[in-house]
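Keep in mind that this is a model prediction, so the values were computed, not measured. Letters go in sequence order (proteins before strands), and every chain restarts at 1.
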Protein chains: 2
Amino acid sequence: MTAAMQLTNVLKTLADPTRRAVFERIIREGEVAATGLVQGSKVSQPAVSQHLRALRDAGLVAERREGRHIHYRVAPKGLGPLIDWLGHYETFWAERFANLEKLLKESE
Amino acid sequence: MTAAMQLTNVLKTLADPTRRAVFERIIREGEVAATGLVQGSKVSQPAVSQHLRALRDAGLVAERREGRHIHYRVAPKGLGPLIDWLGHYETFWAERFANLEKLLKESE
DNA sequence: CAATCGTATAAGTATTCGCTTATATATTCG
DNA sequence: CGAATATATAAGCGAATACTTATACGATTG
């Protein structure tokens, strides 16, 4: 799998708002079982399960089985393709947009 | 339009490899007419035109008319929603993944 | 073992997407 | 004005997407 394909996967996976909401909840809660993610979600359990699979396939989350429960956590390396891509073009934006580092600081 | 919706637009727009390739060419070439982008593209002129519209609608490129030609250039602010989103969750990743700034430096 | 709980998969469907060909809308040139 | 150039829009189509309900699988419990 090329870097471009990985980036495409990450972008496609994060582009869906429902799936991104699941991802953000995992970020905030640290480690959550799928049940916990279904609670408070607008969509059904299978839909959440499908989103979790997509997130895992994209390398954005990892799972840990504990009895009947499967706990999901963020796999920060999954964002690597996105970070790399932004960094790769940073020099082109720097000329007219300061630079990404500065932006990251300002956005906090 | 909420911030989440803008982010969704940016992610969706960049998620298509053909469209992202158009965007990357605009980045590299600085300012290009649509004709130049059609040359060397795998897809037809209308397809390129549709991608350019999507990029403009997402705020990722700006255009400047000059006679019959329309020159496209990157609108760096268009990446704002993406940068902001990454920055917003930076603190959550920092614990286990150093921080985005460091990553950006390393990725050069 | 049987019932139950947590999660995944299967199958079907409506919507969205990216592409094509054909046509329309500027803008310039002779 | 009429022809040519640069770009956009229209219409249609096949593939992908995100959801649903129904069912299967895996692990625990009584």
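- Using modelled atom types, one side-chain atom of A:Arg65 and one backbone atom of A:Gly67 make a donor-acceptor pair closer than 3.5 Å.
- The nearest whole Å value for the distance from the CD1 atom in A:Ile70 to the P atom in C:dC5 is 18 Å.
- A donor-acceptor distance shorter than 3.5 angstrom exists from the side chain of A:Arg19 to the backbone of A:Thr13, with no hydrogens or angles considered.
- Straight-line distance from the CD atom of A:Gln50 to the C1' atom of D:dA24: 14 Å, rounded to whole Å.
- Contact of A:Gln45 with C:dA8 (side chain to base): a donor-acceptor pair of N or O atoms is detected under 3.5 Å.
- Remark: B:Arg53 is in phosphate contact with D:dT9, judged by side-chain N or O atoms under 4.0 Å from OP1 or OP2.
- In this structure, the CG atom of B:Leu55 is 11 Å from the P atom of C:dG18, given to the nearest Å.
- Atoms NE2 (B:His69) and P (D:dA4) sit 17 Å apart, rounded to a whole Å.
- When rounded to the nearest whole Å, the span between NE2 of A:His51 and P of C:dA8 equals 13 Å.
- The CG-P distance, from B:Leu52 to D:dA6, rounds to 15 Å in whole Å.
- Taking 4.0 angstrom as the limit, B:Arg19 places a side-chain polar atom (N or O) nearer than this to OP1 or OP2 of C:dG18.
- Side-chain atoms of A:Arg25 come within 3.5 Å of backbone N or O of A:Gly36 as a donor-acceptor pair.
- Ring geometry, B:His71 versus B:His69: the interplanar angle falls under 30°, so the pair is classed parallel (tilted spans 30 to 60°).
- Between A:Tyr72 and C:dA8, a side-chain N or O to OP1/OP2 separation shorter than 4.0 Å is present.
- For the pair B:Arg20 and A:Thr8, the tightest heavy-atom approach, listed with the atom from each and the gap, is NH2-OG1, 2.9 Å.
- The 5' end of DNA chain D is approached more closely, in terms of each residue's nearest nucleotide, by B:Arg65 than by the other of B:Arg65 and A:Lys42.
- Counting any heavy atom pair closer than 4.0 Å across all strands shown, B:Ala47 reaches a base atom.
- Using a 4.0 Å cut-off, some side-chain N or O of B:Ser44 falls inside it from OP1 or OP2 of C:dT20.
- Remark: C1' of C:dT16 and CG of A:Asp16 are 12 Å apart, rounded to the nearest angstrom.
- A:Thr18 has a side-chain polar atom (N or O) that falls below the 4.0 Å cut-off from OP1 or OP2 of D:dC19.
- Side chain of B:Ser49, nearest nucleotide from D:dT9, C:dT9, C:dC17: D:dT9.
- Across D:dA6, C:dC17, C:dG18, the shortest atom-to-atom separation from the side chain of B:Arg68 is found for D:dA6.
- The distance between atom CD of B:Glu66 and atom C1' of C:dT28, rounded to the nearest whole Å, is 13 Å.
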